[in-house]
Amino acid sequence: MKFFDLTTDVLAIKCHKNHVFIGIGCSLYVVSQIDNKVKFKSSILHPDNIHDIKLQTDDRIIIYGRKSLCICQVTVNDGFVEVIKLDEIHHFNDWIIDVKCLGSVNEPILTILFAHNNVYNYNTESKKYSNTICKETCLLYAGEISGKHFTNAIVLSGTVFQEILIWSVLNNATDSYSPILHRLKGHKGVIFSVFYNPMNNIICSTSDDRTVRLWKISNNFNHNLKDMNWSKVEINLQTTMYGHLARVWKAILIKDVIASIGEDSRICFWNLSGELLHKIEAHQGATIWCIDISVNNILFTGGADGSVNCWSMIDIKSSMSQYSLLEDSQKEVPKHVIFLENSDVLVYSSLKSNTRILHYKKNKNQILDSFSLPEFSSAYCIMELSPNRQKFALASIRGDIILYNKSDQKWNQCGIYKIMESKIFSVQWLDNDRALVCSTEGNLSIVKFIAQRIEILSQHILPPSRERWVTSACTHKNLLICGDRMGSIFVYNLNSDSRDPTQTFKKIHGRLGVQSCTMMNGNLVTTGRDGTLRFYRFCDMKDKTPIIEYLYAKSMPMDWVSKLLRHENDYYVLGFKEEDFVVYSVVLKRILVKFPCGGGHRSWDCLIYNNFINFAFIKKRKIEVYVVPFNKLFIPPLLVGCHTKEIYAVKTLRMPANPYNVLISGGEDCRLVIHFINSLESESKLNLEIVDSFDGHLSSIKCLSIFPLKEDEFCSKYLIFSGGGRAQIKIWEVTVNNDELFSKENISCKDLFSYMLHGPDKERNKIWVGKELMYNADPETRYMDISTIVHPKNMHNILVFIACSDGYLRTFIYDIILNKIKLVHTLPYRNRCILKVQSMLHQAKILLITMATDGLLNFWTCNVENDEIDVQKIGIENTKDFTLHQSGINSFDLKKLDECNYMLATGGDDNLLGVLIFKAVSSKKSIEMIKIVSTWNTSSIHYAQITGVKLLTDNKLISVGADQKLAVHDITCHDLNIHAMFVEDITLCISDIQGITFCDNKNNDSGRIFCVYGKGYQLLEY
Amino acid sequence: MGKTSKDKRDIYYRRAKEEGWRARSAFKLLQIDQEFSIFNGVTKAVDLCAAPGSWSQVLSRRLNENYENLKQKSEKAPKIIAVDLQAMAPIEGVVQIQGDITNIKTAEQIIAHFGNEHADLVVCDGAPDVTGLHDMDIFIQSQLLLAALKITTQILKPKGTFIAKIFRAKDASLLYSQLKIFFGSVSCAKPRSSRNSSFEAFVVCKDFQMPEGFNPATLDLSTDINKLVGIDRYIAPFVICGDLTQPDSDTTYPLDFEGKEFRYCQPTQSPINPPYQEAMHMMSQVNIGKFPESTSVTLTGKNMSLAEFKATKAKKQDSNDSQK
Ligand SMILES: C[S@@+](CC[C@H](N)C(=O)[O-])C[C@H]1O[C@@H](n2cnc3c(N)ncnc32)[C@H](O)[C@@H]1O
């Protein structure tokens, strides 16, 4: 058994010179800060998790977690890093809270604080120790050892019962009890961290009560703080900081800034007087466990999502510069503000009847140029900047357009063009020479500006609606795509004679309107005030319809998504959230910066130029401009995480034609994620990498089923059925293009369908209770498992069987051609939550197996006639109910032995691992009966519920469970009698294990790759 | 999430409210009793980690029934001691101690209550407020169990019963072996009201007997027992409690299940003074019209109560107003 890649909670981070040492589960990763590459990887503390890493000397580190500790030598050579254990792992009887190496280099003594409030001075060579026990024995969650030398160290321990106890290490030969010197009271919950900073004599603590507290140590007797006498000092609560929205795990003091991290996924920065400087949501909602800072002032945080993110310690507020324009002119009313390509600011404003353009030098309140505009533009005017930011067009209520461009630092009017007789609603630049002009009654014209004249290239009609105008447009080849005020997207063929759209996505962005249409890496992306980005792809132009295919939506952490901004091949999403303007990075998948502006604005602009993000908007007749350094905000993560919460299901796509493997996963965070394993690279680098992730589930994803659609020499297509909470099922289409080399572009995903049993509408089926309360009587059904099989009589239909938590087995028929799903059968089952369902063909008849929380095994068969389906129970010979487990059956695997015999392995909530052989007895017409041929089971292998079992072809049975154990048995059968032999077991590095998936490994016949998942995932080879 | 979605997802949550239990946990103890008859003849019990108090409610009901039956024999009134970190609303006939059961001072307080009497039953439903760090949660859980066992060895009568929550996990077998030293029978019980797939289970330990050579007062469980337990680790039999007629905690039932008309019930007892209460109140004081992303409160000096905070805020407001 060999371990490969792993993603789970990141509990420890330590920066040392150019490297960052990271503890993920039991593994140590060393990442170079120079190229962000993983230089070293090893499950060094296995089976224990690394909870912290300490530097002992320049080339020695101490790694510890749980009850184990190990000292390692670090060698850095020519870009290679090696970490070697200096001796065996030291094991203790108690949980390690803190370790310090106090003393000179040649004293092999470690001072170790344990969870029972005692300290060892431990000799790492002789393994002898002296034990000091605090007089108040109790359980600790946190604590710190401090001091110059182990002979006179001080302990600050944080108890479960709100207090911080300070006591000293006695270093006697026998166990000795040490009295409490100080008892700090103030916190209202468990103490999660305590740190003492000798530089400014402050103790900083965090707690379950959501506060960070600072305690001041005053030394009235001795001003020489170096040799502080702890029994003589006075310690008082100085500051209490509320700002986190959940428990605060830790806070570190960096010079005069405190950075605290918590369960709310936020980092708060505070100054020493306790004022909040800045708050960021840092790990997509996942808990943040650890934090450290490098010498070059980069802050690293590690979270429950398995990622390590990087932040600039420079206070964003202080590095943000801000200035205002038109501050003192009381009467001047600015209407539009834009940035030119070099971040100069252009303002359109009016002063009484005089309207003018003011050109300000960048970052300065200095006017470079100003000129009055023709009289027509004052009352109603649109101003639009060309994509290259060197021209702008003004459009009037009377149907004129005036074009200005800049040459030799001067603005010139290129011409005034009468486009139409009526009001112009909007002008959308398509490129630097063409624009789409929208006027009344849905009249659209594409105009081209040529030297002194214009040319109308084509004309189109926007379908009628209440607010009939275009809000955004772009072109791709011979297509014009535009979005309207009512949230619809229309597609026009520029080569066609028809002025009407050839394709429509009606109200796709909801009733608040489309905000932008942009081309991104060959795909179309639209944004809207529904807070989403929507992706589309272009199909072969020769094919008739559809020309544009909708793929999927991504929800953005903002209410109103305005547009995509391109900068050096990366894309940034601009929009508004609550009172702020936000800039979101598509690559980093997070908000880079927020500017307080009071909410959505009529005129604003944003530009990334010369390493600065510029944002301008109009507020109270003034222009406000913010400028922040871009490189301080855009720091890519050291490690990219995965799911932010538990993973419940992982499935592998069967892809014989490709040398890599593609996995699909879903879980508590409601996201469907596509990953790939690259097995082409050298073995030690077997990595699981994310291709992309998809939103759309309203509640957790509990189960997946994969249905292969087609496989040819060019590509493979699959349907993915995902189900979960809120009785929701989604259907996706994944296409993988065949290619020797993996590239993310080879995989695409399309969101086909979403179906909710009780409808998405909240207003369904309400019952009234009392006067004002109204309830919906439906249960909150969860879909626990899905099994799919092709309709025996119609190859375009798929039968979808769903195990439901409300005790029903539901059968749906999905029509591939029509993309429609229909509930065709509902089978009630004893009011027990059904956990598993499996469908298969047995001699051309459908055989179904279900398992529920009652531990019974049930067999069913079904007759299908078009849309009619009839599910019948199949009896088991000699029994009414066949009990396999005392309670829920969490996992199973099935193997066909011969024409009518099957082997079924099950793992239950009762710690029982079972294998049985059953025979399906069938007649011509139906499956008549099930005979249980033989059974075997054991409950002494796992200590906790078994959540995953796999039967391998070479007679091995693999089982995994919540006890973090993977066990291997040899299962052989002679005359259909089962013989089982225990082979081996190992401890896994991830917790909360939910299952195991076999990942087909094509390159290597001897080894097989598995993915065990739960709180993160782990790849292993057996 | 709607007000009723928890009612729908969890039938025991709904029933607890309907039947007046402070927590759904009550059903776990009742189902364990169905299988193991743990209340037989019990008149003196300790409830460790008791808040919000549904087990104490069960104890109080069942012990009083026992007392009624035994009255003729001039028994003393039932005695129930409940201990928790959190404050708990009073329950008649239950003595409360607020403290940490792993702290030696709390242990001494409990023992002092018994003097030279013994308890018939000790229960412990203690659990850390899970951090999400699995190994840490398991460790804390096992320490709560050992702390409870330590207290138990000093107050439980011979042949008495001890029940404690345990996380089924990596090192559960070590705990079973440690318990087996003190009890004739140790089982791992899983009530139907405890969710399938949750780590939680309960050890039901019967037939207490102090092994020779052990002094309960100086017992150090973290070290002494390790010396005693050989390689043979004991695997406690796993028992599901509650028959199939009892509802299933994983199943989602419609609100009008079993033809009964649904009536929304308020929770019987909401938590008293949870650790985060003050933070929530403080933040809500300044959060008016603002968004959580920019909210913070800073207090300087000694602890300030919410009332004091409000008062100083009002004062500031006044002076601001008068300046205008
Ligand atoms: C699941 S609740 C108990 C519910 C209770 N049995 C009932 O039925 O209402 C767990 C309790 O353990 C308490 N607890 C956790 N650690 C503790 C400790 N060290 N000392 C005392 N109580 C503790 C928590 O405060 C919490 O109230």
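On a predicted model such as this, the values are computed, not experimentally measured, just so you know. First the proteins, then the strands, lettered A, B, ... as listed; each starts at 1.
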With no hydrogens and no angle check, do the side chains of A:Thr853 and B:Asn196 hold a donor and an acceptor under 3.5 Å apart?
no

Please classify the contact of [X] with chain B as side chain, backbone, both or neither, using a heavy-atom distance under 4.5 Å.
| X | value |
| --- | --- |
| A:Thr287 | neither |
| A:Gln238 | backbone |
| A:Leu835 | side chain |
| A:Asn236 | side chain |
| A:Arg830 | neither |
| A:Asp806 | both |
| A:Thr987 | side chain |
| A:Lys67 | side chain |
| A:Ala304 | neither |
| A:Leu214 | neither |

Picking from A:His51, A:Gln964, A:Arg66, what satisfies side chain to side chain donor-acceptor pair (under 3.5 Å) with B:Asp135?
A:His51

If every non-hydrogen atom of [X] is compared with every non-hydrogen atom of [Y], which pair is closest and at what distance?
| X | Y | answer |
| --- | --- | --- |
| A:Trp270 | B:Ser296 | CZ3-CB, 4.1 Å |
| A:Arg832 | B:Asp248 | NH1-CB, 3.1 Å |
| B:Ala169 | A:Tyr943 | O-CB, 3.9 Å |
| A:His116 | B:Phe139 | CE1-CZ, 4.3 Å |
| B:Tyr276 | A:Arg210 | CB-NE, 3.3 Å |
| A:Asp910 | B:Phe238 | CA-CE2, 3.2 Å |

Rounded at 0.5 Å granularity, tell me how far [atom1] in [X] sits from [atom2] in [Y].
| X | Y | atom1 | atom2 | answer |
| --- | --- | --- | --- | --- |
| B:Lys105 | A:Thr137 | NZ | OG1 | 10.5 Å |
| B:Asn103 | A:Glu163 | CG | CD | 8.0 Å |
| B:Tyr253 | A:Cys833 | OH | SG | 9.0 Å |
| A:Tyr242 | B:Thr295 | OH | OG1 | 14.5 Å |
| B:Ile140 | A:Tyr141 | CD1 | OH | 4.0 Å |
| B:Phe199 | A:Asp963 | CZ | CG | 9.5 Å |

Given a strict heavy-atom distance threshold of 4.5 Å, which part of [X] is in contact with chain A: side chain, backbone, both, or neither?
| X | value |
| --- | --- |
| B:Pro237 | neither |
| B:Met136 | both |
| B:Leu133 | both |
| B:Ser198 | backbone |
| B:Gln98 | both |
| B:Thr131 | both |

Would you say [X]'s side chain and [Y]'s backbone share a donor-acceptor pair under 3.5 angstrom?
| X | Y | value |
| --- | --- | --- |
| B:Thr298 | A:Gly274 | yes |
| A:Arg782 | B:Asp250 | yes |
| A:Glu136 | B:Ile104 | no |

Count the heavy-atom pairs under 4.5 Å between each of A:Gly189, A:Ser991, A:Ser273 and chain B, then report the option with the highest count.
A:Ser991

I'd like to know which of A:His244, A:Glu275, A:Arg247 tops the heavy-atom pair count under 4.5 Å against chain B.
A:Arg247

Can you list the steps and then say if A:Asn49 with B:His134 is a side-chain contact (heavy atoms from CB on, under 4.5 Å)?
CA-CA 10 Å; A:Asn49 286 340; B:His134 200 65; over 6 Å; no

By side chain to side chain contact (heavy atoms under 4.5 Å, CB included), which residues pair with B:Ala236, not counting sequence neighbours?
B:Tyr176, B:Val186, B:Cys188, B:Tyr234

So B:Met282 and A:Thr211, side-chain contact (heavy atoms from CB on, under 4.5 Å) or not? Walk me through it.
CA-CA 11 Å; B:Met282 290 286 182; A:Thr211 65; over 6 Å; no

Using the disulfide (SG to SG under 2.5 Å) criterion, which residues pair with A:Cys989? Sequence neighbours excluded.
A:Cys26

Would you say CZ of A:Phe192 has more than 12 non-hydrogen atoms from neighbouring residues, nucleotides or ligands within 6.0 angstrom?
yes

Is it the case that atom OH in A:Tyr177 sees more than 12 heavy atoms from other parts of the structure closer than 6.0 Å?
no

Heavy-atom pair count under 4.5 Å with chain A, highest-scoring of B:Thr300, B:Ile240, B:Asp100:
B:Ile240

I'd like to know if B:Arg168 pairs up with A:Asp909 as an ion pair, taking the criterion as any Lys NZ or Arg NE/NH1/NH2 lying under 4.0 Å from an Asp or Glu carboxylate oxygen.
yes

